[in-house]
There are 2 protein chains.
Amino acid sequence: MKSKITLKDIARELEVSISTVSKALKNSEEISRDTKEKIQAFAKLYNYRPNNIAISLKNKRTKNIGVVIPDIVHHFFTTVIRGIEKYANARGYNVIVCSSDESFDREVINMEMLANGSIDGFIMSLASETQQKNDYNHLKEVTEQGIPVVLFDRITNEVECDKVIIDDQLGAYMAAKKMIDQGRKKIGLITTADYLSVSKARTQGYRKALTEHNLEVDESRILKLSSMDMDEELIQQFFESTEMDAVLCVNEIFAVYTMRLAQRNGLRIPEDISFIGFTDGFLSEYANPSLTVIAQHGQKMGEISAQMLIEKVESEAEEETYQTKILEPTLVVRDSTIN
Amino acid sequence: MKSKITLKDIARELEVSISTVSKALKNSEEISRDTKEKIQAFAKLYNYRPNNIAISLKNKRTKNIGVVIPDIVHHFFTTVIRGIEKYANARGYNVIVCSSDESFDREVINMEMLANGSIDGFIMSLASETQQKNDYNHLKEVTEQGIPVVLFDRITNEVECDKVIIDDQLGAYMAAKKMIDQGRKKIGLITTADYLSVSKARTQGYRKALTEHNLEVDESRILKLSSMDMDEELIQQFFESTEMDAVLCVNEIFAVYTMRLAQRNGLRIPEDISFIGFTDGFLSEYANPSLTVIAQHGQKMGEISAQMLIEKVESEAEEETYQTKILEPTLVVRDSTIN
DNA sequence: ATTCGCAACGAAAACGGTTTCGTGTTAATA
DNA sequence: TATTAACACGAAACCGTTTTCGTTGCGAAT
């Protein structure tokens, strides 16, 4: 086991000072050509790599980005991570991923773990429990320490920082309008509790579309589930007791599950009933029939988040100017709606 | 913006030495009750947290685990990450996730980035390109430096380290046997190229099951796809030109996609043709019909990997003893096979 | 009065780099 | 010949901790 070689080792071996070695490896003008060549050759031979930790301590910059998300086993979030990684790695940053598991406490603990020097900034999406409690002191503390934060998707107005979201209201509006345009009148909505910023916005978009097209919003056609568990029982009851010719769901699981219910009840999709979901994941693509969805562009969201964060991290300026980027959702038409 | 307070700050403010502060905060016996109380109160008031980076430099331990996987947008790998996170976080470790994107070069780069002090050990699954090239020098270098490595799922015998896999051969065997027991005779296999360790093992299990039950292995019933892309064209051709009453697929996407093809051709599942896939993900659960699968227990795999790694990291011993844990796969019966 | 022991604290090295500011040597200039 | 500037390099501080090894001051024992 040959352990890592340090500047000190090289200096001792070549009988020069540590500073000379350091400068030589950075190709400093101060050092003579001969010495530089000798040192560089030696370093290459022994495969010298500077110790990241030491550099971090000196620079007070770690080149690590902390990502805290509610759930890692969720297609949307993984695409966001992919986007973050793509952009961050290209700029020499590593990504430290922590999942809050929708728990407020775990979110706080993870942030505290990372905030003590491990990372240069945070990219995060709020745990549902956090949105429910409406307590953002952990976020405020971090920003007050000067650690940049970018919030995506599940955001809050309570904390001042950069934000990236898609226009959820518009997305739901587009989906509902699509169904209305195809002559659907009895459009149901399966969503989650309103404390989730995204669900609230989507419900608004749904209402807006119906109202604007002179359709009454029938509250019995709206099912609000707790976000945590996919309650099959409730969906089943709802589906069987509600007359609908179209259903909008705030995620693909609700949609695909309900489609199956419909099919078992002898309904044809999309002839008798059509479906639109949110999140353009594998489930939508490979469902039978494939599911029309509002794509949230997770990867793009991740890239933009990373870009915004790294910009803040690397900017010397102390400007306290924050922006919110709103991405446009896209309707991906598949076989669960007509043509 | 109040930036982080350090030991030095406390020492200056309270007119004691840095060492006294450090000891007081660790409740050392050396320091008088009075002084300790004063220092601890001050630290609490100003919310002092030790700087992780400084501690890492001192201890030569980062409490970070590096995870390098082929793809982050993949259910199996995310469940593994979840398992790693769960175990690691409980022990105070952070998880740095890097995706190789199935690329050898990215795998090498990521490992080099992390190996220079950022992490205490690696948990990884090989990129398909790496398995194809059969080049593991980057892994060997890392282990020679004394950095522990745990390989999971996509492993190689070329490098000596701890390993965690499921018994892929057994899994495929179980699946094929299940179909045979139900009277299926013309069992197809949709898999990926043999250089992927798991695909090879699964193919072997499939062959073994057929042979043992006096069924001839018809090579024309085996489709080998490049792992990278899900080639719909090829699957379609294969499906339509091959007579089968059962299909075993090495992942859920292949299975679900092929099920849809079958249904469009008017076949009933599972009456006319039955399906079994690998990976127990959302796709299998919410497919219509739901898909019988060989569960790979990703989360468990992650937990075990993390446990093995942390054990190595924290053990002083220089023992060069490595083990390979083989998990038993489970057959999860759903509606794509008979009862 | 001297020595001893102990309690309570500080100085300094160490981790592995970067960087500023000397300093000694040589060669060019006055 | 004395001065000076450029060159090439080293010493040391610094980042924030931990930890070892002093070093005080003081009461007790001799």
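From a predicted model like this one, the values you see are computed outputs, not experimental measurements.
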What is the separation between atom [atom1] on [X] and atom [atom2] on [N], rounded to the nearest whole Å?
{"X": "A/I53", "N": "C/dT18", "atom1": "CD1", "atom2": "P", "value": "14 Å"}
{"X": "B/D9", "N": "D/dC15", "atom1": "CG", "atom2": "C1'", "value": "13 Å"}
{"X": "B/I18", "N": "C/dA14", "atom1": "CD1", "atom2": "P", "value": "17 Å"}
{"X": "A/L25", "N": "C/dG16", "atom1": "CG", "atom2": "P", "value": "16 Å"}
{"X": "B/R61", "N": "D/dT18", "atom1": "CZ", "atom2": "P", "value": "14 Å"}
{"X": "B/L57", "N": "D/dT18", "atom1": "CG", "atom2": "P", "value": "12 Å"}
{"X": "A/I10", "N": "C/dG17", "atom1": "CD1", "atom2": "C1'", "value": "12 Å"}
{"X": "A/N52", "N": "C/dG16", "atom1": "CG", "atom2": "P", "value": "13 Å"}

### Task
Using the closest heavy atom to pick a nucleotide of DNA chain C for each, name whichever of A/T20 or A/A54 lands nearer the 5' end.
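Result: A/A54.
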## Note on the structure
Contacts of A/L7 and B/S17 projected onto DNA chain C by closest heavy atom; the upstream (5') one is B/S17
Nearest 0.5 angstrom please: [X] [atom1] to [Y] [atom2], how far?
{"X": "A/S17", "Y": "A/K23", "atom1": "OG", "atom2": "NZ", "answer": "6.5 Å"}
{"X": "B/R91", "Y": "B/E314", "atom1": "CZ", "atom2": "CD", "answer": "8.0 Å"}
{"X": "A/L309", "Y": "A/I84", "atom1": "CG", "atom2": "CD1", "answer": "9.0 Å"}

### Task
Report yes if a donor N or O on one partner sits less than 3.5 Å from an acceptor N or O on the other, where the partners are the side chain of B/K23 and the base of C/dG10; otherwise report no.
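Looking at the base of C/dG10, it does pair with a donor or acceptor on the side chain of B/K23 (distance under 3.5 Å).
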#### Entry: Check: B/K58 side chain, D/dT17 base, donor-acceptor under 3.5 Å
no
Please check the phosphate of [N] (OP1 and OP2 only) for any side-chain N or O of [X] closer than 4.0 Å.
{"X": "A/S32", "N": "D/dA8", "value": "no"}
{"X": "B/K8", "N": "D/dC15", "value": "yes"}
{"X": "A/S19", "N": "D/dC9", "value": "no"}
{"X": "A/Y48", "N": "C/dG16", "value": "no"}

#### Entry: B/T143 and B/E160 side chains, donor-acceptor separation under 3.5 Å
no
### Message
Under 3.5 Å, is there a donor on one side chain and an acceptor on the other for A/S128 and A/E102?
### Response
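There is such a pair (donor and acceptor under 3.5 Å, judged by atom type) between the side chains of A/S128 and A/E102.
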### Message
Quick check against the 3.5 Å criterion: does B/D120 have a side-chain atom that pairs as donor or acceptor with the backbone of B/K63?
### Response
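Checked: pair present.
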### Query
Do the side chain of B/D101 and the main chain of B/S103 share a donor and acceptor less than 3.5 angstrom apart?
no
Which part of the nucleic acid does [X] contact within heavy-atom distance under 4.0 Å: base, sugar-phosphate only, or nothing?
{"X": "A/K60", "answer": "sugar-phosphate"}
{"X": "A/T35", "answer": "sugar-phosphate"}
{"X": "A/S22", "answer": "base"}

### Selected nucleotide, minimal atom distance to A/V16 side chain, candidates C/dG17, D/dT18, D/dG10
D/dG10
### Task
Mind telling me whether B/H74 and B/F76 have parallel, tilted or perpendicular rings, with 30° and 60° as the class edges?
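Answer is perpendicular, since the angle exceeds 60°.
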### Task
Rounded to 10°, tell me the angle between the two end axes of the helix from C/dA1-D/dT30 to C/dA30-D/dT1, each built from five pairs.
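Inter-axis angle at the termini of the helix from C/dA1-D/dT30 to C/dA30-D/dT1: 90°.
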